[in-house]
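These notes concern the structure reproduced below.
Computed from a prediction, not measured in an experiment: that's the story for all the values here.
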Amino acid sequence: MQTEIMDAAGTRQLSRIERRSIDYVPDAERHGRVINQGPFWFLGNFQFFTIAIGFIGPGMGLGFAPTAIAGALGILFGTIFMAFHASQGPDLGLPQMIQSRAQFGYRGVIIPLFGTVFTFAGFNVVDTVLLSQGLHNLYGWSILAVSLVLAVTAVVIAIYGHDWLHLIFRVLFWVSLPLYVILTIAIATGHVPGKPPAHAGFTWVGFAAEFAAGASYNITYAPYVSDYTRYLPRAKSRAGLILSVYLGASLAAIWLIAVGAWLATYLGAQDGLVATSAAGNAIFPGFGAFLVLTSVAALTATMGLNAYSGMLSVVTIVDSLRRIVPTSAIRVAGILFIAAIWLAISLSLTANAINALYDTLSMMLYVLVPWTAVNLTDYFFIRRGHYAIADLFSGNGVYGNWGWRGLIAYAAGFFVSVPFFSLSGFYEGPIAKALGGVDISWAPGLLVASLVYVALARGIDRAGEAEAIAASDELLTQA
């Protein structure tokens with residue numbers, strides 16, 4: 001069954017279930033518009049989870065304005081890496097982690113893949129716990145029932161696949177936007193009463209922590225992006241796509257981090273969902289419920305996003321160990337596998353255990369940062385977007401089973417960042433301790449992994465790869 005089919009009048013129609021998973025998307029199946037990537041990634045950050053990022057600075061004594069500025073600067077920096085991954089999708093017609101086989105090898109890519117699988121499942125655990133606990137506290141809804149409904153909804157969205165994710169995200173974007181415009185205007189004009197903080201001011205530690213949170217927030221999207229741009233027609237210019245993704249993902253996050261900073265500073269908020277409800281109801285009774293339910297819908301759709309990309313990672317791992325045919329049945333099995341993991345973990349956690357899970361997700365960021373550095377360096381500076389696509393599906397191809405250059409650079413980026421790690425109750429590196437507990441491990445991880453890879457890439461067999469690319473292109477043309 002095709003991702004899309006054509007009716008008798010030649011109109012493009014959505015199919016019931018997407019067929020493709022980790023396989024190449026040929027030009028005949030390419031569709032979509034670059035401009036729609038903006039609303040898609042805007043909605044991905046347009047929910048109360050992002051609002052909670054704005055609570056970090058005030059929790060460390062930082063005032064509203066410096067928190068909003070630090071969060072904005074962090075988002076503007078971190079989104080650079082996310083947005084540049086977007087152009088890989090239409091150029092290659094492949095999911096993000098399949099393309100990474102060029103740097104890490106057919107089997108070597110399993111190492112960063114374990115990080116991506118845990119990240120996708122982990123974010124859905126966090127989302128499930130936050131939503132189920134928040135809706136229970138607000139409305140008395142059953143935690144078990146909410147968790148099950150969230151899981152089933154996310155699974156259905158992921159099974160229907162790529163085109164339905166884009167459609168649902170666009171609809172929720174237009175539903176959410178006016179509600180948050182009303183909330184923001186009400187806050188700015190004093191219709192949401194707040195109390196000026198007694199001790200909020202400026203601290204470098206708080207500013208650095210908010211910046212780091214903003215930067216890392218969108219860097220964690222890096223393994224997703226090509227999954228949702230790979231059906232786009234080949235673009236004449238990458239700039240429009242990169243800009244669309246960058247503006248969508250960054251503007252939503254900057255906006256709601258600022259809202260969160262205000263709620264934390266002037267209302268003393270500590271829970272994103274409860275704070276959103278209280279602020280909405282201050283405008284007029286019942287408006288808080290509209291905001292909450294819309295934000296819940298947006299976060300549930302994002303859980304579908306996590307399930308879909310998690311499936312692609314799981315299927316890639318299986319395929320790296322034993323070559324498989326990527327059928328619809330395998331897609332569904334991968335999604336159900338991811339869902340079983342996050343649902344089992346989330347139902348075993350309490351609200352008090354969520355902090356430990358946040359630390360676990362921080363560890364996954366440690367795993368993903370050197371990957372994004374190696375991947376982007378290779379794509380834009382070493383191989384410049386030219387790959388033998390057919391060879392990405394074989395350990396006997398030009399990229400081999402183990403890409404030692406990528407793996408060494410990846411390890412170097414990871415280990416150099418260890419002294420910068422800050423995991424409360426687990427480990428605090430000497431440099432993080434000297435910085436007052438601020439975790440900026442992503443910075444040395446990005447820098448060192450990139451530089452080491454550039455140095456090692458000088459030995460790449462350019463002539464051999466050129467021959468492989470020519471043969472691959474001819475094969476894809478015949479197909």
Side-chain angles (χ1 to χ4, degrees), residues 20-26 84-117 119-120 222-227 229-230 309-326 330 334 367-368 370-411 413-414 449-450 452-453 456-457 459-462 464-473 475-476 479:
R20 300 199 177 277
S21 59
I22 63 171
D23 45 335
Y24 171 73
V25 180
F84 273 87
H85 280 291
S87 66
Q88 297 171 336
D91 281 354
L92 301 177
L94 297 170
Q96 188 69 66
M97 298 310 292
I98 286 289
Q99 191 272 336
S100 295
R101 284 173 168 171
Q103 300 91 49
F104 298 97
Y106 182 76
R107 290 186 173 169
V109 76
I110 291 176
I111 294 174
L113 272 170
F114 278 119
T116 64
V117 170
T119 299
F120 297 139
Y224 296 62
V225 191
S226 281
D227 300 347
T229 63
R230 73 191 197 279
S309 288
M311 171 273 298
L312 293 174
S313 292
V314 168
V315 174
T316 303
I317 290 175
V318 174
D319 183 73
S320 297
L321 296 173
R322 181 180 180 182
R323 188 75 176 97
I324 59 174
V325 178
I330 288 177
V367 174
L368 295 179
W371 162 79
T372 192
V374 169
N375 183 267
L376 288 178
T377 299
D378 182 73
Y379 190 84
F380 286 99
F381 300 104
I382 305 301
R383 292 185 168 101
R384 300 180 183 273
H386 300 295
Y387 296 90
I389 292 175
D391 286 39
L392 294 172
F393 294 91
S394 172
N396 297 321
V398 69
Y399 305 113
N401 276 314
W402 302 93
W404 63 269
R405 294 178 179 85
L407 292 170
I408 290 175
Y410 177 87
F414 177 82
S450 299
V452 171
Y453 189 76
L456 296 176
I460 290 177
D461 180 7
R462 305 283 186 175
E465 288 201 7
E467 292 179 5
I469 291 170
S472 174
D473 290 346
L475 183 64
L476 293 176

Any chance you could lay out the side chain to side chain donor-acceptor pair (under 3.5 Å) test for Tyr379 and Gln88, step after step, and finish with the verdict?
-> CA-CA 8 Å; Tyr379 190 84; Gln88 297 171 336; 5.8 Å; no
Would you name the heavy atoms of [X] and [Y] that are closest together and state the gap between them?
X	Y	value
Ala390	Ser472	N-OG, 2.9 Å
Ala409	Val452	CA-CG1, 3.7 Å
Gly108	Pro112	O-CD, 3.7 Å
Ile330	Val325	CD1-O, 3.0 Å
Ser226	Pro95	CB-C, 4.5 Å
Gly115	Val367	CA-CG1, 4.0 Å

Around [X], counting heavy atoms of other residues, nucleotides and ligands shown, do more than 12 lie under 6.0 Å from its [atom1]?
X	atom1	result
Asp461	CG	yes
Tyr24	OH	yes
Phe380	CZ	yes

Is any side-chain heavy atom of [X] less than 4.5 Å from a side-chain heavy atom of [Y]?
X	Y	value
Leu94	Phe393	yes
Met311	Phe120	no
Pro326	Asp319	no
Asp391	Tyr106	no
Val109	Ser320	yes
Val398	Ile469	no
Leu456	Trp404	yes

Option from Asn375, Thr119, Leu368 for which side chain to side chain contact (heavy atoms under 4.5 Å, CB included) with Pro223 holds =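 Among Asn375, Thr119, Leu368, the one that satisfies the side chain to side chain contact (heavy atoms under 4.5 Å, CB included) with Pro223 is Leu368.
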Determine, stepwise, if the pair Thr316 / Arg101 fulfils side chain to side chain donor-acceptor pair (under 3.5 Å).
-> CA-CA 10 Å; Thr316 303; Arg101 284 173 168 171; 5.6 Å; no
Is a side-chain N or O of [X] found less than 3.5 angstrom from the main chain of [Y], in a donor-acceptor match?
X	Y	value
Ser313	Leu113	no
Arg383	Gln103	no
Thr377	Ala373	yes

Output, in order, the C-alpha distance, side-chain angles, deciding distance and verdict of side-chain contact (heavy atoms from CB on, under 4.5 Å) for Leu312 and Thr116.
-> CA-CA 10 Å; Leu312 293 174; Thr116 64; over 6 Å; no
Audit row: Gln96, Asp227, side chain to side chain donor-acceptor pair (under 3.5 Å) steps and yes/no = CA-CA 6 Å; Gln96 188 69 66; Asp227 300 347; over 6 Å; no
So how far is it from [X] [atom1] to [Y] [atom2], rounded to the nearest 0.5 Å?
X	Y	atom1	atom2	answer
Trp402	Phe104	CH2	CZ	12.0 Å
Ile111	Leu407	CD1	CG	5.0 Å
Leu92	His386	CG	NE2	10.5 Å
Tyr387	Asp378	OH	CG	3.5 Å
Arg230	Arg20	CZ	CZ	9.5 Å
Arg384	Asp91	CZ	CG	14.0 Å

Trp371 and His85 aromatic ring geometry - parallel, tilted or perpendicular at 30°/60° bounds =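 The rings of His85 and Trp371 lie parallel, inter-plane angle below 30°.
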How would you list, by chain and number, every residue that makes a side chain to side chain donor-acceptor pair (under 3.5 Å) with Thr229, sequence neighbours excluded?
->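 Once residues adjacent in sequence are excluded, Thr229 has no partner under the side chain to side chain donor-acceptor pair (under 3.5 Å) criterion.
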By side chain to side chain contact (heavy atoms under 4.5 Å, CB included) - contacts of Pro370 (at least two apart) =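 Counting only residues at least two positions away or on another chain, Pro370 forms a side chain to side chain contact (heavy atoms under 4.5 Å, CB included) with Tyr410, Phe414, Ala449.
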